[in-house]
S.K.: 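Below you will find the structure I want to go over with you.
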Amino acid sequence: MKPIIAPSILSANFGNLAAEMDMLNRSDADWIHLDIMDGVFVPNISFGFPVLKHVSRLTHKPLDVHLMIVQPEKFIPEVKALGAHVMNVHYETCTHLHRVVQQIRDAGMQPAVTINPATPVSLLKDIVGELYMVLVMGVNPGFGGQKFIEHTVDKVRELRELLNQTGSEALIEVDGGVNLETGARLVEAGADILVVGNAVFSATDPMKAIWALKNL
């Protein structure tokens, strides 16, 4: 199976967003990854729902909405209104994670949970059976263009073993530091979905870069 490729528009040129979205629409990208940051959970602010509403109108590809924010459950209606396929919340921000997962599913979206680099895979044991997807961060969240944390490959392998042991059908996504070299190792370790930012939008030929990642 070829990996699902989800370009992150955090790295796109927002001065020419319509053209960037047109390129993604014509490319081999499968999903569009949207990173929402609040400046509280992560040390950065990205963009809010007014911008995302515009983005959602520019593509028919599934939206993978990644909320790097505190109390993400407050924004379930707004994420749903975007037409999101996946709503992704951080393990570290949800005191009552099971409840939030159920609320996302009840809203008609696929629930996903992200773990930071220092969060052990084992903490997901009691929730993976309820999830559509688990996102493993390959960098500390907050900024694009960071160096890939090598331990991420081992975490993906460990997560794949946990899913096999529990019978969970959750997909494994990786975000942060993904390029052709790290992407190949992540797919070999068991990743299903690669979120890519700089490796696409800084490439001389972004569509060719997406094609190469899709064909790892």
S.K.: Where the side chain of K155 meets the backbone of G138, is there a donor-acceptor pair that is under 3.5 Å apart?
M.R.: no
S.K.: Does a side-chain heavy-atom distance below 4.5 Å link I149 with N140?
M.R.: yes
S.K.: If Ile, Leu, Val, Met, Phe, Trp and Tyr residues are connected whenever their side-chain heavy atoms lie under 4.5 Å apart, and connections chain through other members, are M133 and L163 in the same group?
M.R.: no
S.K.: Answer yes or no: is there a side-chain heavy-atom contact under 4.5 Å between F201 and V196?
M.R.: no
S.K.: Looking at V100, is its backbone amide N or carbonyl O close enough to the side chain of E73 to form a donor-acceptor pair, meaning the two atoms are under 3.5 Å apart?
M.R.: no
S.K.: Might you point out which heavy atoms bring D38 and V40 nearest each other, and give the distance in Å?
M.R.: OD1-N, 2.8 Å
S.K.: When I36 is tested against each of N88, V42, L10, V65 for side-chain contact (heavy atoms from CB on, under 4.5 Å), which residue passes?
M.R.: V65
S.K.: Please report the interatomic distance NZ(K208) to CD1(I210), rounded to the nearest 0.5 Å.
M.R.: 13.5 Å
S.K.: Looking only at heavy atoms, what is the nearest atom pair of A199 and A209, with distance?
M.R.: O-CB, 3.6 Å
S.K.: Is V178 linked to V156 within one hydrophobic cluster, defined over Ile, Leu, Val, Met, Phe, Trp and Tyr using a side-chain heavy-atom separation of less than 4.5 Å?
M.R.: yes
S.K.: Atom CG of L52 and atom CG of D35: how far apart are they, to the nearest 0.5 Å?
M.R.: 10.0 Å
S.K.: Which atom pair, heavy atoms only, marks the closest approach of V128 to A170?
M.R.: O-CB, 4.2 Å
S.K.: Mind checking the CE-CD spacing from M137 to E92? Nearest 0.5 Å is all I need.
M.R.: 9.5 Å
S.K.: How about V89 and L97: do any of their side-chain heavy atoms sit closer than 4.5 Å?
M.R.: yes
S.K.: Applying the 4.5 Å side-chain criterion to the ILVMFWY set and letting contacts propagate, would V101 and F41 be lumped into a single cluster?
M.R.: yes
S.K.: Output, in order, the C-alpha distance, side-chain angles, deciding distance and verdict of ring pair (Phe, Tyr, Trp, His ring centres under 6.0 Å) for H85 and Y132.
M.R.: CA-CA 11 Å; H85 172 56; Y132 172 74; 5.3 Å; yes
S.K.: Assess whether a salt bridge exists between R185 and E181, defined as any Lys/Arg side-chain N lying under 4.0 Å from an Asp/Glu carboxylate O.
M.R.: yes
S.K.: For a 4.5 angstrom cut-off between non-hydrogen side-chain atoms, does L34 reach I9?
M.R.: yes
S.K.: Taking K214 for its side chain and D28 for its backbone only, find out whether a donor-acceptor pair lies under 3.5 Å.
M.R.: no
S.K.: Can you sort out the partners of T59 under side chain to side chain contact (heavy atoms under 4.5 Å, CB included), two or more places apart, ordered by chain and number?
M.R.: M21, N25, I32, K61, L63
S.K.: Could you tell me if the side chain of L213 sits less than 4.5 Å from the side chain of P3, heavy atoms only?
M.R.: no
S.K.: Under the criterion side-chain contact (heavy atoms from CB on, under 4.5 Å), I'd like the reasoning laid out for F14 against V51: C-alpha separation, chi angles, the key distance, then a yes or no.
M.R.: CA-CA 10 Å; F14 273 76; V51 172; 3.8 Å; yes
S.K.: Side chains of E130 and H98, heavy atoms from C-beta outward: is any pair under 4.5 Å?
M.R.: yes
S.K.: Would you sort out whether V139 and K147 count as a side-chain contact (heavy atoms from CB on, under 4.5 Å), showing the intermediate values?
M.R.: CA-CA 7 Å; V139 300; K147 184 179 179 181; over 6 Å; no
S.K.: How many angstroms lie between CD1 in I5 and CG in L24, if you round to the nearest 0.5 Å?
M.R.: 12.0 Å
S.K.: Could you tell me whether the side chain of E173 reaches within less than 4.5 Å of the side chain of D64, counting heavy atoms only?
M.R.: yes
S.K.: Do you know which two heavy atoms are closest between P72 and M87, and how far apart they sit?
M.R.: O-CE, 3.5 Å
S.K.: Can you give me the closest heavy-atom contact between M207 and R26, atom names plus distance?
M.R.: CE-O, 3.3 Å
S.K.: According to a 4.5 Å side-chain heavy-atom criterion applied to Ile, Leu, Val, Met, Phe, Trp and Tyr, with indirect links allowed, do L216 and W211 form part of one hydrophobic cluster?
M.R.: no
S.K.: Locate the shortest heavy-atom distance separating A112 from V86; write the atom from each residue and the value.
M.R.: CB-CG1, 3.6 Å
S.K.: Quick one: pull up CZ in F75 and CG in L82 and give me the separation to the nearest 0.5 Å.
M.R.: 12.0 Å
S.K.: Say whether Y91 and V174 are linked into one hydrophobic cluster, either directly or through other cluster members, by side-chain heavy-atom distances under 4.5 angstrom.
M.R.: yes
S.K.: Would you check if S11 and S202 make a side-chain contact, meaning some heavy-atom pair closer than 4.5 Å?
M.R.: no
S.K.: Give a yes or no on whether a salt bridge exists between D192 and R160, defined as a side-chain N under 4.0 angstrom from a carboxylate O.
M.R.: yes
S.K.: Atom CG in L162, atom CZ in R157: separation rounded to 0.5 Å?
M.R.: 15.0 Å
